[in-house]
Student: 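Below is the structure I would like to discuss, written out as structure tokens.
In the text below, chain A, chain B and the rest are named by the order of the sequence lines, each starting its count at 1. Keep in mind that the numbers below use all heavy atoms, side chains included, and drop hydrogens, waters and symmetry copies.
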There are 2 protein chains.
Amino acid sequence: MRDGRKVTLSDVAAHVGVSAITVSRALRTPEKVSLKLREEISRAIDLLGYVPDPAARALASSRTDVIGVIIPSVTNSVFADVLRGIYTAVEKTPFDIQLGNTRYSPLKEEKLLKVFLGQKPAGLIVSGIDQSERGRSLLETASCPVVQIMETGENPVDIMIGFSHYEAARAATIHLIEQGYRKLAFMGARMDPRTQRRFQGFRQAAAEAGLFSEERVVTTAEPSSVSLGSQLFCELIEQAPDLDAVFCINDDLALGVMFEAQRRRLSVPDRLGICGFNDLEMMAAAEPPITSVRTFRYEMGKRAVEMLLEAIAVGRGHRGTIVDLGFEVRKRASTARGSCGASD
Amino acid sequence: MRDGRKVTLSDVAAHVGVSAITVSRALRTPEKVSLKLREEISRAIDLLGYVPDPAARALASSRTDVIGVIIPSVTNSVFADVLRGIYTAVEKTPFDIQLGNTRYSPLKEEKLLKVFLGQKPAGLIVSGIDQSERGRSLLETASCPVVQIMETGENPVDIMIGFSHYEAARAATIHLIEQGYRKLAFMGARMDPRTQRRFQGFRQAAAEAGLFSEERVVTTAEPSSVSLGSQLFCELIEQAPDLDAVFCINDDLALGVMFEAQRRRLSVPDRLGICGFNDLEMMAAAEPPITSVRTFRYEMGKRAVEMLLEAIAVGRGHRGTIVDLGFEVRKRASTARGSCGASD
DNA sequence: CTCAGTCATGTTAGCGCTGTCACGCAACGA
DNA sequence: TCGTTGCGTGACAGCGCTAACATGACTGAG
């Protein structure tokens, strides 16, 4: 501000003695402006405290430096990690993040998509592959690159980066079986489509070994938490007292199960195996350390942005790229049955 | 879109047979447009799929519906809760959130403030009271209401909502002393100003009881985590083997301490009392449940937005409002030394 | 019947910036 | 000498919307 009035491009231009467009170019395409002018302009900008008006820029050029990010939840620590990756990658660029929160509702997602796309974003990052039909077609006709994160699947809208929740759950279940567990239980909360696919992976692996039983499944629509894990475990063990291992849809639940097991003096891993999902930092630190499926959330966010920037630079071209970041079953004490402990 | 061309206000206006400004009014100040036209316009908007261009609106009216939120970290679960409150409160309003991430750097905060203020936000929510001098003066001359969250203190820029970290830490420490602990230790990570004030609260309470010792203090600049809690506890007990209670700057550290205590077969709470800070959900679910200082993060975010909206409605007026949300020491088993257990 | 007052709608201009094209000038080959 | 090319700069218009004022139809008091 200067005299309480906004400092504009023309103010800077007048101060240097050039036209406004030259200042604009000095900012956006410096290579088109002579070095001497560039320096003078830069000095004037500092002196006057000029800050570009993004609204005016967006209006004039029908482009913005905004990358829209649409995720189901800001609270969920899984997305927190993804966001950290996203913010890190965006930090050294001129782009801004605009966050949208679907709260796991496809309808809200659709509405957000409309709003975001109306703002002519430079790019869009959306979570998952389960857009509503209208949402999907909005994405397909979007005039900016789109990255779908969290999951891989058929038919990417544009770019896709994630991993297979089905395979990850399957691998974890196989690990439990390999450790000698036979009465496998499944615990799920907030059964969104991603979670459903994890369940399918569990079910498939268990069924293949002839170990699947509907009785040893608890799910709820409630959002997961540590205490919910404890609570669901109580239900689970009541309806199937002979269970010997639990695969939990996420680490919060797994931790809750472990605490409840301690409360009930069920020894982990001998009497009860526990496997979580996501491999939050605390799983390795727990006592005993808890087996979990490691996913590369930070990397996912980071690479999503990097790929988006690349696509922005060349203009939509990579259509169809799918990056599978994979996963890793981190085997820890909570499922280390057999080697030393006795089974019952 | 329609014929690949953006649908504008005038398109809607032409379709209904009115002028553009009438459509604009139907959207912004419906009470100034006759019911009949309003309905026709609304139908036309749906039919054509019109989405307002926020950039054009911002440029023409020098106002936006954006509330800037500047916080140190998106990852930190403390801020995740605050954000949840903010998003919840904003959800039913026409306002959008623009998130900025200072990464605990006052310089970055200053830069963000400049950028945000350049966008003429409707309001601003900033974290804490430790802005740099320039940052502070930017806030003071801002032409929108400003809410400082997370902490209370002297001289609010405008509105302030939070609690006293000093008093909260002090109360927790007094609780430890009351429980009979005498060799009080302090564990801190990422020692930002807020954390420093917690340390001062601990120090004061301990010193008043003649129980403060520099030897029983560990701090680090690293960001906190559960495993860091375990690790720091190892250091702590090495340098002060006789400690009998730890006050941790946050719950991650506290959980790490508890796991490490279990590993070392130190009984909690008899041999070791543990107190965390923030009262994350998992603290009550842990085994044993861990004492922590409950803070009202969700409420803070929610009320910050509500107060902001009010201030926006009346135009900056509440200057100087300070809302202290207080805190609550949740006494649980991890500090229930002796006979009497704690509830909750 | 007149005239101020009210209400619903329209006209005009311009927010701050950039796309587009035009222009002046130096360097260079024919 | 002229044309050609390329570079750096400027003039102008217009992005989509709304502030401010203007207009016209209608109301009701005097």
Side-chain angles (χ1 to χ4, degrees), chain A residues 1-2 4-41 44-45 48-66 94 115 117-122 143 315, chain B residues 1-2 4-41 44-45 48-66 94 115 117-120 122 143:
Chain A
M1 301 285 170
R2 200 165 170 85
R5 186 148 270 86
K6 195 172 202 307
V7 180
T8 71
L9 256 196
S10 335
D11 296 334
V12 177
H15 191 265
V16 177
V18 295
S19 74
I21 189 70
T22 301
V23 179
S24 170
R25 277 198 277 255
L27 257 42
R28 304 298 161 199
T29 49
E31 72 280 4
K32 291 187 179 168
V33 176
S34 66
L35 182 63
K36 183 170 152 289
L37 270 187
R38 236 149 63 203
E39 282 170 348
E40 281 183 53
I41 288 170
I45 286 176
L48 301 178
Y50 169 70
V51 179
D53 182 332
R57 174 167 147 71
L59 186 56
S61 67
S62 12
R63 292 183 300 109
T64 61
D65 283 347
V66 171
V115 172
L117 287 172
Q119 303 184 26
K120 312 157 195 148
S143 53
Chain B
M1 302 284 171
R2 199 164 171 83
R5 187 146 271 88
K6 195 173 205 303
V7 180
T8 70
L9 256 196
S10 333
D11 296 333
V12 178
H15 191 267
V16 178
V18 295
S19 74
I21 189 69
T22 302
V23 179
S24 169
R25 279 197 276 253
L27 258 42
R28 305 297 160 199
T29 48
E31 72 280 4
K32 291 187 178 168
V33 176
S34 67
L35 182 61
K36 182 169 151 291
L37 272 186
R38 236 149 62 201
E39 281 169 350
E40 281 184 55
I41 287 171
I45 286 175
L48 302 178
Y50 167 70
V51 179
D53 182 332
R57 173 168 148 72
L59 187 57
S61 66
S62 18
R63 291 183 300 110
T64 61
D65 283 347
V66 171
V115 172
L117 287 172
Q119 302 184 25
K120 312 157 194 148
S143 54

Student: Grab the two heavy atoms, one from Val12(A) and one from Leu48(A), that are nearest each other, plus how far apart they are.
Tutor: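 Closest pair (atom of Val12(A), atom of Leu48(A), distance): CA-CD1, 3.8 Å.
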Student: Within this structure, what is the NZ-to-C1' distance between Lys32(A) and dG19(C), rounded to whole angstrom?
Tutor: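 Those two atoms, NZ and C1', are 10 Å apart.
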Student: Quick one: are Leu37(A) and Val18(A) in side-chain contact, heavy atoms under 4.5 Å?
Tutor: yes
Student: Using a cut-off of strictly less than 4.0 Å between a heavy atom of the residue and any atom of DNA chain C, enumerate the qualifying residues of residues 53-65 of chain B by number.
Tutor: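 Those residues are Leu59(B), Ala60(B).
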Student: By nearest heavy atom, map Pro52(B) and Val33(A) onto DNA chain D; which one lands nearer the 5' end?
Tutor: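 Its nucleotide being nearer the 5' end, the pick is Val33(A).
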Student: Counting only non-hydrogen atoms, which of residues 17-24 of chain A are less than 4.0 Å from DNA chain D?
Tutor: Val18(A), Ser19(A), Ile21(A), Thr22(A)
Student: For residues 12-21 of chain B, which residue pairs pass the salt bridge (charged side-chain N to carboxylate O under 4.0 Å, His left out) check, not counting sequence neighbours?
Tutor: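 Pairs touching residues 12-21 of chain B that pass the test: none.
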Student: So, for Asp11(A) and Val7(A), which heavy atoms are closest and what is the spacing to 0.1 Å?
Tutor: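 Scanning both residues, the minimum pair turns out to be OD2-CA, 3.4 Å.
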Student: Can a side chain N or O of Ser34(B) be found less than 4.0 Å away from OP1 or OP2 on dT9(C)?
Tutor: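 Checking dT9(C) against Ser34(B), a side-chain N or O does come within under 4.0 Å of OP1 or OP2.
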Student: With heavy atoms of chain B within less than 4.0 Å as the criterion, where does contact along DNA chain D begin and end?
Tutor: dG16(D) to dA19(D)
Student: Just to verify, what does Arg25(B) make a salt bridge (Lys or Arg N to Asp or Glu O under 4.0 Å) with, not counting sequence neighbours?
Tutor: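 Partners of Arg25(B) by the salt bridge (Lys or Arg N to Asp or Glu O under 4.0 Å) criterion come out as none, since no residue qualifies.
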Student: Given the rule in the side chain to side chain contact (heavy atoms under 4.5 Å, CB included) test, do Ile41(B) and Thr22(B) qualify, once you have shown the distances and angles that lead to the verdict?
Tutor: CA-CA 9 Å; Ile41(B) 287 171; Thr22(B) 302; 4.1 Å; yes
Student: I want to check something: taking the side chain as every heavy atom from C-beta on, are Gln119(B) and Thr64(B) in contact at a cut-off of under 4.5 Å?
Tutor: no
Student: Five pairs at each end of the helix from dC1(C)-dG30(D) to dA30(C)-dT1(D): take the axis at both ends and give me the angle between them to 10°.
Tutor: 50°
Student: Keeping Thr8(B) on the side-chain end and Ser10(B) on the backbone end, is there a donor-acceptor pair under 3.5 Å?
Tutor: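 Looks like yes, one N/O pair under 3.5 Å.
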Student: Ignoring hydrogens and angles, write down the donor-acceptor pairs under 3.5 Å from the side chains of residues 51-62 of chain A, residues two or more places apart or on other chains.
Tutor:
residue  : atom : partner   : partner atom : Å
Asp53(A) : OD1  : Ala55(A)  : N            : 2.7
Asp53(A) : OD1  : Ala56(A)  : N            : 3.2
Asp53(A) : OD2  : Lys120(B) : NZ           : 2.8
Arg57(A) : NH2  : Asp65(A)  : OD1          : 3.3
Ser61(A) : OG   : Arg57(A)  : O            : 2.7
Ser61(A) : OG   : Arg63(A)  : N            : 3.4

Student: Measuring from atom CZ of Arg28(B) to atom CD1 of Ile21(B), what distance do you get when rounded to the nearest 0.5 angstrom?
Tutor: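 CD1 of Ile21(B) is found 11.0 Å from CZ of Arg28(B).
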Student: Expressed as a whole number of angstroms, how long is the span from Leu35(B):CG to dA8(C):C1'?
Tutor: 13 Å
Student: Measuring from Arg38(B):CZ to Leu35(B):CG, what's the distance to the nearest 0.5 Å?
Tutor: 5.0 Å
Student: List the atom of His15(B), the atom of Ala44(B), and the distance in Å for their closest heavy-atom pair.
Tutor: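 Nearest pair, atom of His15(B) first, then Ala44(B): ND1-CB, 3.7 Å.
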Student: Ignoring hydrogens and geometry beyond distance, is the side chain of Arg25(B) in donor-acceptor contact with the base of dG10(C) at under 3.5 Å?
Tutor: yes
Student: Within this structure, what is the CG-OH distance for the pair Leu9(B) and Tyr50(B), rounded to the nearest 0.5 Å?
Tutor: 3.5 Å
